Structure formats: C-alpha cells, structure tokens
A.B. asks: 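Sharing a structure, written as structure tokens. Questions coming.
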Amino acid sequence: MLPNNKLLLYTISALIFLTSFIGMLFYGYKTFYIETTSATSKDYTHHFALIAEETENDYWRLIEQGAKEAAVENDIYLEYVAPQKADNEQLLRLFDRMIAAKVDGIIVQGIEGERFVDLVHKAIERNIPIITIDTDVKSSERKAYIGTDNFYAGELAGKTIIENTTGEQYVGIITGRFDAINQQERISGFKEAIESHSRIKIVAEKESNITEIGATQATYALLKENPNINTLVGMSALDGIGMVDGLQEITPNKDMYITAFDVLPETLDLIQSNEIDATIAQYPEEMGFESVEVMIDLQKQDLLENQIFTDTGIMKKQDLPKIHGEMR
Ligand code: BGC
C-alpha cells in the first residue's frame, strides 16, 4: 500500500472509532443515567412525590392537576408517579423507591396491608412526611389524610336510593376493587344507610377494576346472574359510565335506578340524558391542591388537625347546570 493510502485508511478508521466511541458514551449515558441529585437543589424549594392508583385514570389526573397548580404557585417540584394499571404491589414498590430517592414529602393513596404501614414508618423515620390522599390508612403514621370521608359518601349513595325510589329495590353494586379501603368504606356506609330499610336489599357485588370496560362487563354479568336487580350503584369514578353500556347490552329497556360516583364530564352527560339518576360528587382537584399546601406546612411542623375531609355531596339532574359548567 502506498504511504498516502495508508494514511487515508488510518484516518478513516480513527474517525469511525471516534464516532462510535462518542455515540456509545452519549447513548449509554442516556440509557443508564439515573438522576442522583435532587431536583430541589437549584430551582425549587421542595421536591414532592404524588403516587396515584393508576397513571391515566381521569380521576387521578384531576388530583394531579390540583396538585400541580399548588406546586407551581409555591415553586415545588412535583413528581406524579403511578402503576400503569391499578396494582397494589407496584404502588408499594413506587412508594419504596420514592423513599429511597429522599424526596421531601410523599402524597400517596392509602392501601391495605401491613407493608404500607411499614413503608410509612420507614419514611417517617427518615423525616419524609407522608400524606394519604383519596384513601386513608388510619393505622399508619401518616401525617395527614386529605380526601373524601368515604364512609359518609357511601351513606349518601344509600340515601339517594332511599329518597328517590319506592317499593322493593334489588341492588347490584359495582365496586372499583374489593381490596381498596375507600371502596370498602363506601360499601360499609351504604350498607349502614339502607340497613333499616327492608325494601332495599343488596343482591350482589362485582369489581370493575376501576375501568369503564370492567364496569360494563361486571354489569352485564350481574344482570345476567340476577335479573331481579332494579338498582345499580357504582362506587368508583368510571363505574357509572360503564354500567350504562352494560345495561344497554343486556336489557336496554329495563327501568333501573342508577347511582354513580364522581363528577367526570361523561357521568354528568349521562345524568343530563337521564341515563344516570344521581352521582356522589368528590372534589379531586381540591384534594390535590390541598395536599401540596399541607405538605408545605409539614416541612416545618406537624399538624393539629390531621384528617382533612374535602366536600362530598349528592348530585342529580337539577343540580347540574351550575356545577356542570364549572367542572368543564
Ligand atoms: C376513587 C378512587 C379511584 C377512582 C377510580 C374514585 O371514586 O375515589 O380511589 O381510583 O374512583 O376511577
């Protein structure tokens, strides 16, 4: 090979090597880099984590919206994390990870079991305040609960049926998840409310897995197995919407009294079109907003009042015009 050609070959090889080396460094860094410095260090006063039940659930997105609003107002770095689909195991892992990341505070949906209580203890030992949101775990060392009084909300669902129906009512309950504490509390409140009304009887309960399609399938199965059901109660945010579809599929002309939960726009539309009779309103944006504000206070001192109930109420068609407009 002539010396000139050799030089060219070496130059090209060196260039290829350099390009690959730089590429490897760059992409390797992007793939494996884990943030080790706290996001609070420069631009933010604090770094809080909000751990939701499920990432894309509309109800949790409203909680996030409220929380983000308070975070922006107060220069807080707020990290929203959640399992893709509701899953206690994954939520516990995320919770543990956020403790390990040494955030300044964690706002988390309370979940059943000793492991949650242990994680709260672990966080408190490390000076990370914990707020339960939407669902409380009273036996834990959480610094505050912010959300609906779920037992009372369940009682309200019972009250709508007591006040707006006559004659024998055979109730089918669709609940988000049997192992969610807030769902258990709502069902207990519901049972207590109807206890002294012998004309109202619970026939069966099924899970929707907090999805619309799950509620549709559960409603279909409920009505197939129990054709006498003439009242449906949904206990979580997407149940009402799914119940209407399930009813359409199996017995579209049946006269059914339907109570839903939450005030997502689709639920309100179905109240407007008389397909849902009433819903129990919760205020997720308010929960999110307040939880961040309370977490800021907790950076300085513990609270005297640590159970902060947000509003809850029954909403029917006549209550819609004003509130429906505000919600959109
Ligand atoms: C409950 C949440 C649940 C959501 C599901 C709400 O009614 O309060 O715990 O995640 O419904 O869509």
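From a predicted model like this one, the values you see are computed outputs, not experimental measurements. Ligands are counted one by one from 1 in listed order, and the atoms in each one are counted from 1 as well.
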A.B. asks: Would you mind checking which non-hydrogen protein atom is closest to atom 11 (O) of ligand 1, with the distance to 0.1 Å?
C.D. replies: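 Scanning the protein heavy atoms, the shortest distance from atom 11 (O) of ligand 1 goes to A237 N, 2.9 Å.
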
A.B. asks: Can you tell which part of R186 has a heavy atom less than 4.0 Å from ligand 1: side chain, backbone, both or neither?
C.D. replies: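 Within the 4.0 Å criterion, R186 contacts ligand 1 through side-chain atoms alone.
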
A.B. asks: Can you tell which part of N182 has a heavy atom less than 4.0 Å from ligand 1: side chain, backbone, both or neither?
C.D. replies: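 Side chain only; the backbone of N182 stays clear of ligand 1.
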
A.B. asks: Show the atoms of ligand 1 that are less than 4.0 angstrom away from any heavy atom in I210.
C.D. replies: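 Every atom of ligand 1 under 4.0 Å from some heavy atom of I210: 5 (C).
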
A.B. asks: How far apart are the C-alpha atoms of Y145 and K138, what are their side-chain angles, what is the distance that settles it, and do they pass the side chain to side chain contact (heavy atoms under 4.5 Å, CB included) test?
C.D. replies: CA-CA 8 Å; Y145 165 66; K138 291 193 193 75; over 6 Å; no

A.B. asks: Are K206 and E225 within salt-bridge range, i.e. N to O under 4.0 Å?
C.D. replies: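 Here K206 pairs with E225 in a salt bridge, since their nearest N and O are under 4.0 Å apart.
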
A.B. asks: Taking N or O atoms only and a 3.5 Å limit, does Q183 qualify as a polar contact for ligand 1?
C.D. replies: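 No; the residue has no nitrogen or oxygen that sits under 3.5 Å from a nitrogen or oxygen of the ligand.
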
A.B. asks: In terms of side-chain heavy atoms, does S208 have a donor or acceptor partner in D239 at a distance below 3.5 Å?
C.D. replies: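 Present: a donor and an acceptor within the cut-off.
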
A.B. asks: Are R177 and E112 within salt-bridge range, i.e. N to O under 4.0 Å?
C.D. replies: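 Not counted as a salt bridge, because no side-chain N and carboxylate O are separated by less than 4.0 Å.
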
A.B. asks: Testing the 3.5 Å rule here: is there a donor-acceptor pair between the side chains of R199 and T165?
C.D. replies: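 There is such a pair between these side chains.
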
A.B. asks: As an exercise, identify every atom of ligand 1 less than 4.0 angstrom from a heavy atom of D134.
C.D. replies: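 This gives 1 (C), 2 (C), 8 (O), 9 (O) as the contact atoms.
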
A.B. asks: Looking only at protein heavy atoms, which one is nearest to atom 7 (O) of ligand 1, and what is the separation?
C.D. replies: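 Its nearest protein heavy-atom neighbour is D262 OD2, 2.5 Å.
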
A.B. asks: Does a salt bridge link E125 with K122, judged by any charged N lying under 4.0 Å from a carboxylate O?
C.D. replies: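 The answer is no: the pair does not qualify as a salt bridge.
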
A.B. asks: Considering only protein heavy atoms, which is closest to atom 3 (C) of ligand 1, and at what distance to one decimal place?
C.D. replies: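 Minimum-distance protein heavy atom for atom 3 (C) of ligand 1 reads E53 OE1, 3.4 Å.
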
A.B. asks: Do N164 and Y257 have side-chain heavy atoms sitting under 4.5 Å apart?
C.D. replies: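 The answer is yes; the side chains approach within 4.5 Å.
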
A.B. asks: Does even one non-hydrogen atom of Q109 get within less than 4.0 Å of ligand 1?
C.D. replies: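 A heavy atom of Q109 does come that close to ligand 1.
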
A.B. asks: Closest heavy-atom contact between I210 and A86?
C.D. replies: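 Looking at all heavy atoms of both residues, the closest pair is CD1-CB, 3.8 Å.
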
A.B. asks: Considering heavy atoms of the protein only, find what lies nearest to atom 12 (O) of ligand 1 and give residue, atom and distance to 0.1 Å.
C.D. replies: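 Among all protein heavy atoms, the one nearest atom 12 (O) of ligand 1 is N57 ND2, 3.0 Å.
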
A.B. asks: Touching ligand 1 at all, R177? Heavy atoms, strictly under 4.0 Å?
C.D. replies: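 No, R177 has no heavy atom closer than 4.0 Å to ligand 1.
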
